[in-house]
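Since we're looking at a predicted model, the values are computed, not measured.
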Amino acid sequence: MPLAKEVVRAAALEHGVCIRPIALRRTDVATGQTEIIDVPCGATLASVCPTCAERKRQLRMAQCREGWHLTEEPALDADEPNDWQRALVEIRADVTKQADAAGGSEREQLAADLAALDGEITRAGVRGNVDPDKPNRRTRSTRRRQDVADLPRRPVEARTVGKAYTGPDGKTFRPSLFVTLTLPSYGRVRSDGTPVDPAAYDYRRAARDALHFSKLVDRFIQNLRRLVGFDVQYFAAVEPQRRLAPHVHLAIRGTVSRTELRQVAAATYQQVWWPSCDEPVFGDDAAPVWDADLGAYVDPDTDAVLRTWDEALDDLDADPAAEPVHVARFGVQVDAKGVLVGSDDAKRCIRYLAKYLNKSAHECHEPQGGAERGHVDRLMDELRYEPCSPACANWLRYGVQPKNARHGMRPGHCKAKAHRRTHLGYGGRRVLVSRKWSGKTLADHKHERRAWVLDLLGETDGGPDPDRYLWEHVRPGDPDVPSISHRLLRAVAERVRWRGALDAAKARADGQLGNSATPGRAA
């Protein structure tokens with residue numbers, strides 16, 4: 001017999017209820033009455049919460065569909081700042097002036113106040129930073145590598161919409177593209193993605209390509225825009241192949257010839273100008289140690305301070321014969337197909353783009369046997385000591401202090417997600433969306449979906465008065481918090497009520513449309 005709590009969980013999933021709700025206590029400041037309110041957890045992985053993950057996936061599909069075949073430029077006008085945002089910036093200006101004139105401990109305290117104010121300004125709905133730090137960027141030669149072809153560069157027009165074409169019948173249409181880019185081969189593989197000869201498979205190159213894949217995709221888009229001459233917009237999803245190498249699917253607005261796409265892919269590369277990390281300087285049993293007095297890592301045998309990250313880059317800049325530690329490139333396989341708005345191909349491509357968005361990278365292709373598990377293990381062994389960023393703890397293994405080094409760092413134990421088995425070396429975002437794709441943020445799309453439902457039901461989205469209520473997270477063991485099963489049952493009942501009201505509203509709307517139609521059309 002099934003357990004009662006499992007039956008409740010199954011019922012919640014069937015009715016689209018979050019199974020890991022976050023309990024918040026809402027207090028009415030006027031009456032003092034308290035109430036426990038459940039909010040969805042917002043998980044993006046089906047293994048954590050299938051309901052929230054599916055909701056996020058559907059939202060991404062709506063975002064992709066809305067921006068793919070636009071016929072007019074998206075509106076990108078920002079809202080005017082409100083009074084509260086202006087007031088926060090004015091307070092920030094006063095504290096900034098005080099921090100500039102202060103010193104010592106007072107300056108540190110004011111710096112903490114500035115950080116808190118920046119967080120409050122962001123929560124007030126301001127995008128970006130009001131006082132961004134100017135990065136100290138190193139400049140390198142922009143001359144292209146000799147082993148790649150040059151790309152022609154055209155002036156980029158201020159447009160994001162593709163060209164319109166007129167057919168023989170006089171109809172106008174705007175096709176778009178669905179493009180797939182893959183990484184090169186690291187050795188022969190079988191149909192299940194495992195290498196024919198694991199000893200000859202280039203796991204190091206595979207690991208480094210995965211770590212820098214997101215930057216390679218950015219380079220491709222930059223080169224494509226320079227070649228075609230307009231601001232190409234895209235919606236992209238990154239997922240692993242059977243051989244575990246990441247590849248990207250892109251929905252591109254407008255058309256580009258397949259010849260130009262292949263030309264751009266062949267000429268795109270990402271150079272990684274880092275200190276050498278091919279041969280370790282320290283072994284696992286003799287890792288550098290932290291010196292609290294110096295605030296730096298030192299050699300365990302000689303007590304010599306390790307080179308800082310900036311010093312290592314200075315040495316690299318001073319060497320005229322220096323080469324990049326890695327050069328990432330795309331493979332020769334470039335797939336592209338034209339897609340028309342509203343066609344079955346468009347719907348199929350959108351579903352394909354969102355197919356694995358609610359799964360982690362390692363869940364896309366579950367290992368089915370010992371050979372596949374061994375392939376994953378060898379890749380993770382290579383990734384364990386491979387530096388993933390300037391702040392990676394693995395730089396200690398190669399005699400360099402990581403950027404912003406701190407106590408407790410150990411080679412082989414970097415906490416970045418690229419080193420986790422669930423990510424397979426890819427540490428970037430799984431969904432890549434250009435800024436002018438639809439002219440809306442994901443929150444805007446979510447609000448539109450909610451507004452459509454409320455409008456259909458004839459309700460308003462006024463929401464509770466923010467000045468009337470106080471919100472706080474409940475603590476484990478609070479006596480006024482019902483059990484999770486009780487809260488799920490309550491949510492299921494509310495969901496059933498909403499679904500019934502929505503179905504009734506749809507039926508009324510369909511009836512009104514049918515009554516207003518002509519008899520012939522109604523039939």
Side-chain angles (χ1 to χ4, degrees), residues 1-63 119 123 125 354 357-360 363 422 430 441-506:
M1 294 184 295
L3 293 175
K5 63 179 182 180
E6 295 298 331
V7 177
V8 173
R9 174 189 170 98
L13 291 175
E14 180 181 357
H15 290 281
V17 172
C18 172
I19 60 173
R20 298 175 68 253
I22 300 173
L24 300 177
R25 181 179 288 104
R26 188 179 71 178
T27 303
D28 191 326
V29 297
T31 64
Q33 183 180 2
T34 62
E35 185 180 4
I36 301 301
I37 304 294
D38 284 332
V39 297
C41 66
T44 57
L45 297 179
S47 58
V48 178
C49 179
T51 300
C52 290
E54 179 61 22
R55 189 175 292 119
K56 296 278 188 178
R57 193 178 74 90
Q58 292 293 334
L59 197 60
R60 285 295 189 183
M61 292 174 65
Q63 183 185 31
R123 287 188 290 272
L357 292 187
N358 57 356
K359 295 183 179 181
S360 59
E363 292 175 327
T422 54
R430 293 285 301 279
T441 64
L442 201 61
D444 294 334
H445 288 284
K446 180 179 179 180
H447 179 75
E448 285 185 352
R449 289 165 66 90
R450 176 177 172 81
W452 177 84
V453 174
L454 291 175
D455 181 66
L456 191 62
L457 295 174
E459 300 185 14
T460 60
D461 192 16
D465 185 1
D467 297 329
R468 181 177 177 180
Y469 297 102
L470 294 177
W471 298 82
E472 61 178 342
H473 286 274
V474 300
R475 293 175 297 181
D478 282 358
D480 59 337
V481 180
S483 66
I484 183 65
S485 295
H486 182 90
R487 289 154 53 199
L488 289 180
L489 289 171
R490 186 172 59 188
V492 168
E494 183 67 15
R495 186 74 176 179
V496 170
R497 184 187 70 82
W498 265 85
R499 176 55 63 183
L502 183 61
D503 291 342
K506 287 181 177 179

*Hey, could you give me the CZ/CG distance between Arg9 and Leu3, rounded to the nearest 0.5 Å?*
12.0 Å
*Taking only residues two or more places apart in sequence or in another chain, which ones pass salt bridge (charged side-chain N to carboxylate O under 4.0 Å, His left out) with Asp444?*
none
*What distance do Gln58 atom CD and Leu357 atom CG have between them, rounded to the nearest 0.5 Å?*
10.5 Å
*How many angstroms lie between NZ in Lys506 and CG in Leu502, if you round to the nearest 0.5 Å?*
4.5 Å
*Validation row: Tyr469, Thr27 side chains within 4.5 angstrom (heavy atoms)*: no
*Pairs touching residues 42-51 that satisfy salt bridge (charged side-chain N to carboxylate O under 4.0 Å, His left out), sequence neighbours left out*: none
*Heavy atoms, side chains only, cut-off 4.5 Å: are Gln63 and Leu442 in contact?*
yes
*Find the distance between SG (Cys49) and CZ (Arg55) and round it off to the nearest 0.5 Å.*
7.5 Å
*Under the salt bridge (charged side-chain N to carboxylate O under 4.0 Å, His left out) rule, collect the residues that match up with Glu363, sequence neighbours excluded.*
none
*Decide if atom CD of Glu472 counts as having more than 12 heavy atoms of other residues, nucleotides or ligands within a radius under 6.0 Å.*
yes
*Student check: side-chain heavy atoms of Arg497 and Glu494 closer than 4.5 Å*: yes
Donor-acceptor contacts under 3.5 Å from residues 11-24 side chains, at least two apart:
none

*Return each pair, listed once, that meets salt bridge (charged side-chain N to carboxylate O under 4.0 Å, His left out) where at least one residue sits in residues 476-487; pairs must be two or more places apart or across chains.*
Arg25-Asp478, Arg25-Asp480, Asp38-Arg487, Arg475-Asp478
_Heavy-atom check, side chain of Glu54 versus side chain of Asn358, under 4.5 Å_ = yes
*asked:* The criterion is side chain to side chain donor-acceptor pair (under 3.5 Å); which residues satisfy it with Arg495, sequence neighbours excluded?
replied: none
*Quick one: pull up NE2 in His486 and CD1 in Ile36 and give me the separation to the nearest 0.5 Å.*
11.0 Å
